[in-house]
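Report on the structure given below.
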Amino acid sequence: MAQRRRWAGAVLRGAFEAAGGAPGRSGACPCAQFHMLAPSPVSTPPSQLLPLWQGRTPDSRRYVSSVLKALRQVNFQEPPAPWRQFPTKGQVFEEKVEVGMETVTFETGKLAQFASGAVVLGMGDTRVLVTAVADHSVDERRDFLPLQVDYRERQYAQGKIPNTFMRREGAPKERELLCSRLIDRSIRPLFPKGFFYDTQIMANVICSDGDQDPDVLSVNAASAALMISDIPWNGPVGCVRIGRVKGQLVVNPNMDDLTESDLNLVYSCTAEKTIMIETQAREITNEDYVAALHLAHAEAAKLIPAQISLAAQVKNQKRPLQALTVDPEVIEKVRVLAEDAIQSVMGNPAFGKFERGKSLSRIEEEVKGILESDGDEAAVKILPYAFDAVKKQILQRNIFEKGVRVDGRALHEVRDLYCEAGTYLPLHGSSLFSRGNTQVLCTVTMGAPDDAQKLDSLVGMSRKRFMVHYSFPPFSINEIGRLGGLNRREVGHGTLAEKALVALLPPEEDFPYSVRVTSECLASDGSSSMATVCGGSLALMDAGVPLREHVGAVSVGLVSVTDPSNGNITDYRILTDILGLEDHLGDMDFKIAGTRKGITAIQLDIKPAGIPLHIICEALEPARVGRSQIIDFMGQTICSPRDAQRENMPRSGTMTIHQDSIGRLIGPQGSNVKGIQRVTDARVSISEDGVVTIFARDQASFDQAKSMVEASVGKEVEVGNTYVAKVVAIKDFGAFMELDGGYQGLLHISEIAHQRIERVTDFLTLGQQLSVVCIGRDLRGNLKLSRKAILPPPPALQTVLETDADTLQPSTASLLKAAQLKRLMNDS
């Protein structure tokens, strides 16, 4: 039967193509194409179907004949009008807008025409193609938006072939994951409620001039692609980057300006509200940051009219969508049944995270049982949404009327803190930080400069010497899960903590180490990424990393009341140090890290379709107060970097050797220096000017490596020091001596002994080892050695040297002794 079906499919495709239709997809039945494109019933000449009949059995032929007979009875309709209008081939719709000092270009219609939305955005010579596609079927059991955003940087964009074995790009790198998150967080809040279709946004950097970071361009292109598509979306958004160079704010700074900037602010917004913020700074004050936010909003809003105009030219038709609404009657019914029980749980600070969660789940199950017994299937279907709505109403009432939160704290009260530094002494640095029920274990590992992470991005740095890696195992929330590769959430949280801490790291010239900070989230009840910042600061000071002061971090939330008619916020309260439940039922998660002096990192995630900018600016001050409280508490545990380094801490040092000795240290094909590194497990690097840098895992390894280097090249010969030398050549005027490390010098015949000698061979033989003193260098830099300088003087000479010449002038005494010494030497 399966063979018959495959044979019938081949016949159908042949009949369809012979009728003038386009070939269908391989292995797919073309009936749908027939309905759309065929102008009349199929009439296929037998001669065109003859090749399909050859070699078939009679049963197969009868089966196909019956299929074709049924197919001829189908009446086809006229083809529908296209859902989107494009110009002729080779032309594009285009919109341009000036943002800052650059021109941004939106193009569509030339590339990827089968995608629901496809936009090429350009700035300078950088081009980014972003496509948007959504499925047309949905799983009725799904209650979330499965949005997938993929950002990719291909090496051809900068004229390079990938340096991999297969010479092609592999799995997405950390930067690509971060850019994907940037796009996701900018567009996700604007999808309508109830849109649960599989949706994919793909961003591909076509070419890059290295002047502009493509991440901001991709956000704008994704917004434009959604605008021209048939996907329901409440956009558009505009996105810009703001820097500050020499005290002046710069819109969309180039990469050269960004290296000198003390601010890197990425800001996404609609025409009136803020959607997403990502910031890295060097202790910028709240006042300066507010000014940067207002400039960013004004510039980003310029990108919105161009996208609206582009969508108007394309004449897109949005697919119909029934918005997800919860019947007020159902909410009222759930409120009557469960309000008191929910209040008893959410109003009791004695409940912990899991006790509270289990109690609320039990209440929801009881309400579900009552509704099922009443036969109210419609209410049961939307019960999760109605139950969440009642919980949010109770949370709002407790906060607005009583000023009390779920755990009994005031609105701007920080949870109980606990800190440890030096938790595990064998580690280079370690700390334990707890805030409420959230707990993280942070460690610090210091390495050589060569341990820095090598980056392979289109723009930005080529290496990174400071890394923060965040881990969120499933046991931290009492769940079971699989451990896989890179997790986007873990990468994002680790990068946020990295941005917060790197601002306090000393320059590489003063601190030539690579540093890795790891954060193991052991228990999570909100703000584990901010706990990573605090724990990382403690661990860095425990490791002796010279941070100027601690970096603290806190997450600020928002509980608001909106007008159902227009979605505007009518009343709100800002919360400091939010719980996981407050994050779930609240409207924003505003993560802010910094020192007492200013902000070092910020990340804003929201749930509603935008938050007014003035609320964002207002939240900065309570965050500063809470951050200062946390830093004060951390200072009670450790307030400055440890001076005394542990024995297992890495050591580094430099020594200078003569340039002639570089070859001896390296050895044939590097065998000597490789042997030193293999034996000592230390890193040895040699510069062209003779500076040898040794990096070892501990003091013992460093001392061993240094001794082996000195044995290979010998210590640098200094005038006045005594060395053991070997006679390598004897001449009439003296002997050539070789010191450790291959240094050679001349032992003149007059420096062999105190008395006058006729032949050098009377005192020295080839291969003889003796102690000599370096007494200087000649005009060519050759060493001058002396043996008699370390021999005891003869008795007569000793008497002269001990003669009291205190009554003479120093110059007279020196001349007298020199004359007596010369006469005695000649007499002897």
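Contact of the Asp542 side chain with the Arg642 side chain is registered, since non-hydrogen atoms from C-beta on lie closer than 4.5 Å. Counting heavy atoms from C-beta on, the side chains of Leu501 and Val533 come closer than 4.5 Å. Residues Ser261 and Val250 form no side-chain contact, since every pair of their non-hydrogen atoms from C-beta on lies 4.5 Å or further apart. Put simply, the side chain of Lys273 does not reach to within 4.5 Å of the side chain of Ile606, judged on heavy atoms. Leu293 is listed as a side-chain neighbour of Leu265, based on a closest heavy-atom distance under 4.5 Å. For the pair Ile242/Tyr267, no side-chain contact is recorded, criterion being any heavy-atom separation below 4.5 Å from C-beta on. Considering only heavy atoms from C-beta on, Ile569 comes within 4.5 Å of Pro612 through its side chain. Using a 4.5 Å heavy-atom threshold, the side chains of Ile630 and Asp577 count as separate.
Salt bridge absent: Glu549 and Lys597 never bring a charged side-chain N and a carboxylate O closer than 4.0 Å. Salt-bridge annotation for Asp632 and Arg596: present, with a side-chain N of the basic residue lying under 4.0 Å from a carboxylate O of the acidic one. One finds no salt bridge joining Asp407 and Arg415 here, because no Lys/Arg side-chain nitrogen approaches an Asp/Glu carboxylate oxygen to under 4.0 Å. With respect to the salt-bridge test (charged N to carboxylate O, under 4.0 angstrom), the residues Asp184 and Arg488 do not qualify. Ionic pairing of Lys607 and Asp583 is present here: one or more N-O contacts between side-chain nitrogen and carboxylate oxygen are shorter than 4.0 angstrom.
For Gln148, the CD atom sits in a packed shell: over 12 heavy atoms of surrounding residues, nucleotides or ligands are nearer than 6.0 Å. For Phe400, the CZ atom counts as densely surrounded, since its 6.0 Å shell holds more than 12 non-hydrogen atoms of other residues, nucleotides or ligands.
Using modelled atom types, one side-chain atom of Thr600 and one backbone atom of Ala593 make a donor-acceptor pair closer than 3.5 Å. A donor-acceptor pair under 3.5 Å is absent between the side-chain atoms of Arg397 and the main chain of Lys402, judged by distance alone. One N or O on the side chain of Ser218 and one on the backbone of Pro214 form a donor-acceptor pair closer than 3.5 Å. Formation of a donor-acceptor pair under 3.5 Å by the Arg241 side chain with backbone atoms of Val266 is not found in this model. Under a 3.5 Å cut-off, the side chain of Ser223 and the backbone N or O of Val237 do form a donor-acceptor pair. In this structure, the side chain of Glu299 engages the main chain of Gly100 through a donor-acceptor pair within 3.5 Å. The backbone N or O of Thr595 lies less than 3.5 Å from a partner atom in the side chain of Arg627, making a donor-acceptor pair. A donor-acceptor pair under 3.5 Å links the side-chain atoms of Ser430 to the main chain of Thr423, judged by distance alone. Counting only distance, with no hydrogens or angles, the side chain of Arg244 and the backbone of Leu249 share no donor-acceptor pair below 3.5 Å. A donor-acceptor contact shorter than 3.5 Å is absent between the side chain of Asn437 and the backbone of Asp525.
Partner His469 forms a side chain to side chain donor-acceptor pair (under 3.5 Å) with one of Glu498, Arg516, Glu490, His493 and no other, that one being Arg516. A side-chain contact (heavy atoms from CB on, under 4.5 Å) with Arg335 is found for exactly one of Ile394, Val390, Asp340, namely Val390.
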Next item on the list: Could you walk me through whether Leu190 and Leu226 pass the side chain to side chain contact (heavy atoms under 4.5 Å, CB included) test, one step at a time?
Entry: CA-CA 11 Å; Leu190 297 178; Leu226 287 169; over 6 Å; no

Next item on the list: Please lay out, stage by stage, how Ile602 and Tyr289 fare under the test side chain to side chain contact (heavy atoms under 4.5 Å, CB included).
Entry: CA-CA 11 Å; Ile602 280 182; Tyr289 189 70; 3.4 Å; yes

Next item on the list: I would like to know whether Ile599 and Asn286 meet side chain to side chain contact (heavy atoms under 4.5 Å, CB included); could you show each step before the answer?
Entry: CA-CA 7 Å; Ile599 297 168; Asn286 285 358; 3.4 Å; yes

Check: Hey, mind stepping through Ile342 and Phe387 against side chain to side chain contact (heavy atoms under 4.5 Å, CB included) and telling me if it holds?
Finding: CA-CA 10 Å; Ile342 295 175; Phe387 196 79; 3.7 Å; yes

Note to self: Using salt bridge (charged side-chain N to carboxylate O under 4.0 Å, His left out), reason through Asp215 and Arg181 one step at a time and then give a plain yes or no.
What the structure shows: CA-CA 10 Å; Asp215 57 354; Arg181 279 175 51 88; over 6 Å; no

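Atom CD1 of residue Ile578 and atom CZ of residue Arg409 lie 9.5 Å apart, to the nearest 0.5 angstrom. Distance check: Asn264 CG to Ile284 CD1 gives 11.0 Å after rounding to the nearest 0.5 Å. With values rounded to the nearest 0.5 angstrom, Glu520 atom CD is found 12.0 Å from Gln439 atom CD. Note that CG of Leu178 and CD1 of Ile183 are 11.5 Å apart. Values are rounded to the nearest 0.5 Å. Distance check, rounded to the nearest 0.5 Å: NZ of Lys499 to CD of Gln280 gives 6.0 Å. Remark: Ile592 CD1 to Met530 CE distance equals 9.0 Å, nearest 0.5 Å.
For Met276 against Ser186, the heavy-atom pair with the smallest separation is CE-OG, 3.3 Å. Minimum interatomic distance between Tyr151 and Glu176 (heavy atoms only, all atoms of both residues): O-CB, 3.4 Å. Contact record, Met588 with Leu558: CG-CB, 3.6 Å, taken as the closest heavy-atom pair. Closest non-hydrogen pair, Ala543 versus Met446, comes out as O-SD, 4.0 Å. Nearest heavy-atom pair, Ile331 versus Ala389, reported as atom, atom and distance to 0.1 Å: CD1-CB, 4.1 Å. A pairwise comparison of heavy atoms in Gly238 and Ile304 identifies N-CG1, 4.1 Å as the closest pair.
Using a 3.5 Å distance cut-off with no hydrogens or angles, the side chains of Ser528 and Thr438 do not pair a donor with an acceptor. Glu174 and Thr495 form no side-chain donor-acceptor contact under 3.5 Å, judged by distance and modelled atom types alone.
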